[in-house]
**Student:** 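For reference, the structure I am asking about is given below.
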Amino acid sequence: MTTLRSLYQPSLALLTDLYELTMAYGFWQSGMGERRAAFHLHFRRNPFGGGYTVAAGLASVVDFLGGFRFASEDLDYLAGLRGNDGGPLFDDGFVRHLEALRLRCDVDAVPEGTVVFPQEPLLRVVGPILEAQILETSLLNLLNFPTLVATKAARVCEAARGDDVLEFGLRRAQGVDGGLTASRAAYLGGCAGTSNVLAGRLYGIPVKGTHAHSWVMAFDGEIEAFEAWAEAMPNNCVFLVDTYDTLQGVHAAVEIGRRLRERGHRMIGVRLDSGDLAYLSIQARRILDEAGLDDAVVVASNNLDERLIQSLKQQGATIAVWGVGTRLATAYDQPALGGVYKLTMVEDGTGWTPRIKLSEQVAKISTPGIQQVRRFLRDGEFAGDAIFDETLGIAQPLTIVDPYDATRRKRFAPDTRHEDLLVPVLRAGEVVHTPAPLDESRRRARTQIDRLHAGIRRFDNPHQYPVGLEQRLHETKTRLVLEARAAVERRRARNPG
């Protein structure tokens with residue numbers, strides 16, 4: 001299996017923001033570095049205005065954590081950093097501490113391909129606060145973008161209604177890693193293949209593609225170009241027909257398709273890359289059928305996304321394969337998932353103490369506890385998720401409280417079928433979970449989406465899937481918020497200015 005460490009030979013320990021290291025240094029200096037803490041990674045709203053999100057990126061996380069070390073080059077670089085007084089930013093003792101550092105954290109995460117929702121932890125880190133803090137930026141980087149693209153791909157495939165969707169976005173992706181990450185995540189989200197040959201080699205994704213307009217333009221005419229292509233690659237003939245006149249291009253493709261058949265080969269189809277795709281696909285399908293090439297498919301590209309595909313379907317387009325590039329590989333119209341990583345518990349001499357962050361925005365008030373997500377099923381569909389604190393347990397019958405509206409509640413009987421989503425990934429720094437193969441995660445994503453009510457899967461004004469805090473956790477959070485706000489008011493009273 002291709003790993004991060006095989007792609008990037010240098011250490012990735014410095015794949016982080018400086019403030020993670022300066023805080024780690026502060027914990028080390030204050031003697032707090034060994035204090036155990038719990039952090040949770042979650043997001044605050046589903047991307048693209050949708051009703052669900054598809055988790056992706058865990059395979060890279062496991063690989064990253066399993067090989068986490070500060071190399072000598074990393075340590076030399078950190079030792080050379082300077083503060084604003086010109087002196088070393090970090091003490092030599094701290095640099096030596098990093099040299100000896102080996103992760104001792106416990107990490108739990110939802111498997112790739114799992115549908116997840118706002119406020120639910122995708123990943124939980126429990127361990128020495130110095131170590132857990134250093135990991136923040138890296139984990140967000142490795143989970144945010146692939147989760148975003150996998151979700152976009154799932155939506156595009158939903159719009160295609162079972163037709164093959166091919167990811168064609170490498171040329172518009174944000175750099176080498178952006179292209180590779182997008183290709184893998186798009187396949188996990190449901191795409192049937194990619195044009196990205198390196199992703200095909202590294203991840204075992206089927207690769208697809210034939211020729212561009214420049215092939216046609218290099219010849220005196222389309223017939224000559226298509227004939228030369230058929231001679232060169234008789235087993236890979238999808239002819240791009242819109243270089244000059246699309247429907248005339250289809251007729252030219254039909255002529256070469258007949259010649260291919262006489263030679264014992266088959267034309268796969270024609271590709272449309274511009275113009276009125278609904279009208280042109282219908283006309284192309286008619287021309288192909290009348291020529292007896294009913295097994296040739298119509299492929300379409302040209303800035304497609306889930307909404308345009310949905311519209312073309314509604315217009316009766318006869319497209320069978322969809323090439324989706326820029327708007328998939330760049331997660332077009334939402335450039336970031338917005339994942340966050342929050343401290344939720346610290347351990348002292350008396351046990352675990354919850355921590356909370358206040359905000360004027362309800363969505364930004366953090367949730368305390370060592371969190372787990374319990375998903376309930378009824379009649380083959382997902383019925384709701386409970387976020388609960390493992391240190392508090394669950395009251396029965398279980399009641400979940402909407403984190404944005406405490407008057408909205410839902411109950412689940414003790415015998416309701418359920419599963420807990422976070423699974424062990426690391427224990428005391430050792431990898432204990434091998435992520436599923438990519439094809440298996442891809443199947444999981446499809447199965448998970450199929451278990452969502454149709455209203456949650458729609459693109460416009462989707463139904464809100466029931467996610468809530470288990471009642472004990474809700475009560476703890478409410479108490480902490482009230483106590484924290486009361487403390488703020490007392491400080492204001494002492495310092496009115």
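We number each residue from 1, following the sequence as shown.
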**Student:** Has the side chain of Glu470 got a donor or acceptor atom that lies under 3.5 Å from a matching backbone atom of Ala386?
**Tutor:** no
**Student:** Quick one: OG1 on Thr318 to CG on Leu312, what's the gap to the nearest 0.5 Å?
**Tutor:** 10.5 Å
**Student:** Taking atom OH as the centre, does Tyr404 end up with more than 12 heavy-atom neighbours from other residues, nucleotides or ligands that are less than 6.0 angstrom away?
**Tutor:** yes
**Student:** I'd like to check Arg355 versus Met345 (side-chain heavy atoms, cut-off strictly below 4.5 Å). Are they in contact?
**Tutor:** no
**Student:** So, does Asn196 use its side chain to make a donor-acceptor pair with the main chain of Ser183 at under 3.5 Å?
**Tutor:** no
**Student:** Is it true that Arg374 and Glu120 make a salt bridge, defined as a side-chain N closer than 4.0 Å to a carboxylate O?
**Tutor:** no
**Student:** So that I can tick it off, tell me whether Asp108 and Arg427 are bridged by a salt bridge, with the cut-off set at under 4.0 angstrom between side-chain N and carboxylate O.
**Tutor:** yes
**Student:** Quick one: does Leu103's side chain get under 4.5 Å of Leu101's, heavy atoms only?
**Tutor:** yes
**Student:** Taking all non-hydrogen atoms of both residues into account, name the closest pair between Phe145 and Ala329 and its distance.
**Tutor:** CZ-O, 3.3 Å
**Student:** Is the backbone of Gly190 close enough, under 3.5 Å, to the side chain of Arg442 for a donor and an acceptor to pair up by distance?
**Tutor:** yes
**Student:** If every non-hydrogen atom of Val62 is compared with every non-hydrogen atom of Val431, which pair is closest and at what distance?
**Tutor:** CG1-CG1, 3.6 Å
**Student:** Within this structure, what is the CZ-CG distance for the pair Arg271 and Asn302, rounded to the nearest 0.5 Å?
**Tutor:** 9.5 Å
**Student:** Looking at Ile282 and Ala317, what are the two nearest heavy atoms and their distance?
**Tutor:** CG1-CA, 4.4 Å
**Student:** Let me know which of Phe117, Phe376, Tyr52 forms a ring-ring contact (aromatic ring centres under 6.0 Å, His included) with Tyr465.
**Tutor:** Phe117
**Student:** Is the shortest side-chain N to carboxylate O distance from Asp439 to Arg443 below 4.0 Å?
**Tutor:** no
**Student:** For the CZ atom on Phe459, are there more than 12 heavy atoms of other groups (residues, nucleotides or ligands in this structure) within a distance under 6.0 Å?
**Tutor:** yes
**Student:** Ignoring hydrogens and angles, state whether a donor on the side chain of Asn236 or Thr210 is under 3.5 Å from an acceptor on the partner side chain.
**Tutor:** no
**Student:** How far does CD1 of Ile356 sit from NZ of Lys342, to the nearest 0.5 angstrom?
**Tutor:** 12.0 Å
**Student:** In Å, rounded to the nearest 0.5 Å, how long is the span from CG of Leu398 to CZ of Phe388?
**Tutor:** 8.5 Å
**Student:** Parallel, tilted or perpendicular, judged at 30° and 60°: which one describes the rings of Tyr341 and Phe39?
**Tutor:** parallel
**Student:** Is any side-chain heavy atom of Gln310 closer than 4.5 Å to a side-chain heavy atom of Gln314?
**Tutor:** yes
**Student:** If you draw a 6.0 Å radius around CZ in Arg417, do more than 12 non-hydrogen atoms from other residues or ligands fall strictly inside?
**Tutor:** no
**Student:** Using only atom types and a distance under 3.5 Å, with no angle test, would you say the side chain of Thr151 pairs donor to acceptor with the backbone of Val54?
**Tutor:** yes
**Student:** In this structure, are over 12 heavy atoms from other groups packed under 6.0 Å from Asn461 atom CG?
**Tutor:** no
**Student:** Any donor-acceptor pair under 3.5 Å linking the side chain of Ser281 with the backbone of Ala278?
**Tutor:** yes
**Student:** Check step by step if side chain to side chain contact (heavy atoms under 4.5 Å, CB included) holds for Leu21 and Ile134.
**Tutor:** CA-CA 6 Å; Leu21 290 166; Ile134 284 177; 4.2 Å; yes
**Student:** Any non-hydrogen side-chain atom of Phe239 less than 4.5 Å from a side-chain atom of Ile268?
**Tutor:** no
**Student:** Should Arg201 and Val197 be marked as a side chain to side chain contact (heavy atoms under 4.5 Å, CB included) after you check the CA-CA gap, both sets of side-chain angles, and the distance that decides it?
**Tutor:** CA-CA 6 Å; Arg201 180 177 75 82; Val197 182; 5.8 Å; no
**Student:** Look at the side chain of Asp305 and the backbone N and O of Leu308, then say whether any donor-acceptor pair between them is shorter than 3.5 Å.
**Tutor:** yes
**Student:** Answer yes or no: are there more than 12 heavy-atom neighbours, outside Arg171 itself, under 6.0 Å from its atom CZ?
**Tutor:** no
**Student:** Cationic tip of Arg375 within the cone over Phe382's six-membered ring, i.e. under 6.0 Å and within 45° of the normal?
**Tutor:** yes
**Student:** Does Arg35 use its side chain to pair, donor to acceptor, with the backbone of Glu347 at less than 3.5 Å?
**Tutor:** yes
**Student:** Which class fits the ring pair Phe64 and Phe68: parallel under 30°, tilted 30 to 60°, perpendicular over 60°?
**Tutor:** perpendicular
**Student:** Leu180 versus Leu202: any side-chain heavy-atom pair under 4.5 Å?
**Tutor:** yes
**Student:** Got a donor-acceptor contact below 3.5 angstrom from the Arg458 side chain to the Asp460 backbone?
**Tutor:** yes
**Student:** What verdict does the side chain to side chain contact (heavy atoms under 4.5 Å, CB included) test give for Lys364 and Arg44, after you've listed the backbone C-alpha separation in whole Å, the side-chain angles of each residue and the deciding distance to 0.1 Å?
**Tutor:** CA-CA 8 Å; Lys364 288 194 171 185; Arg44 296 186 176 116; 3.5 Å; yes
**Student:** Among Asp273, Asp242, Thr326, whose side-chain hydrogen bond (donor to acceptor under 3.5 Å, both in side chains) with Ser301 holds?
**Tutor:** Asp273
**Student:** Are Val425 and Val61 packed together at the side-chain level, in the sense that at least one heavy-atom pair is separated by less than 4.5 angstrom?
**Tutor:** no
**Student:** Would you say the side chain of Ile449 lies within less than 4.5 Å of the side chain of Cys157, judging by non-hydrogen atoms?
**Tutor:** no
**Student:** Around atom CZ of Arg172, are there more than 12 heavy atoms of other residues, nucleotides or ligands at under 6.0 Å?
**Tutor:** no
**Student:** Is any side-chain heavy atom of Asp450 less than 4.5 Å from a side-chain heavy atom of Thr447?
**Tutor:** no
**Student:** Under the criterion side chain to side chain contact (heavy atoms under 4.5 Å, CB included), I'd like the reasoning laid out for Leu139 against Val125: C-alpha separation, chi angles, the key distance, then a yes or no.
**Tutor:** CA-CA 10 Å; Leu139 295 176; Val125 179; 3.8 Å; yes
**Student:** Less than 4.0 angstrom from a charged side-chain N to a carboxylate O is my criterion; do Lys152 and Glu306 meet it?
**Tutor:** yes
**Student:** Check whether Ser11 reaches the backbone of Arg69 with its side chain - one donor and one acceptor, N or O, closer than 3.5 Å.
**Tutor:** yes
**Student:** Less than 4.0 Å between a side-chain N and a carboxylate O, is that true for Lys208 and Asp164?
**Tutor:** no
**Student:** Quick one: closest heavy-atom pair of His97 and Leu130, and the distance?
**Tutor:** NE2-CD1, 3.9 Å
**Student:** Which atom names give the shortest non-hydrogen contact between Pro368 and Pro354, and what distance separates them?
**Tutor:** CB-CB, 3.7 Å
**Student:** Could you grab the distance from atom CG of Leu14 to atom CG of Leu78, nearest 0.5 Å is fine?
**Tutor:** 5.0 Å
**Student:** Would you say Glu430 has more than 12 foreign heavy atoms packed within less than 6.0 Å of its CD?
**Tutor:** no
**Student:** Do the side chain of Glu131 and the main chain of Pro128 share a donor and acceptor less than 3.5 angstrom apart?
**Tutor:** no
**Student:** Nearest 0.5 Å please: distance from the CD atom of Gln371 over to the CD1 atom of Ile387.
**Tutor:** 6.5 Å
**Student:** In terms of relative ring orientation, are Tyr25 and Trp28 parallel, tilted or perpendicular, with 30° and 60° separating the classes?
**Tutor:** parallel
**Student:** Quick check: closest heavy atoms across Thr243 and His213, and the distance to 0.1 Å?
**Tutor:** OG1-CD2, 3.3 Å
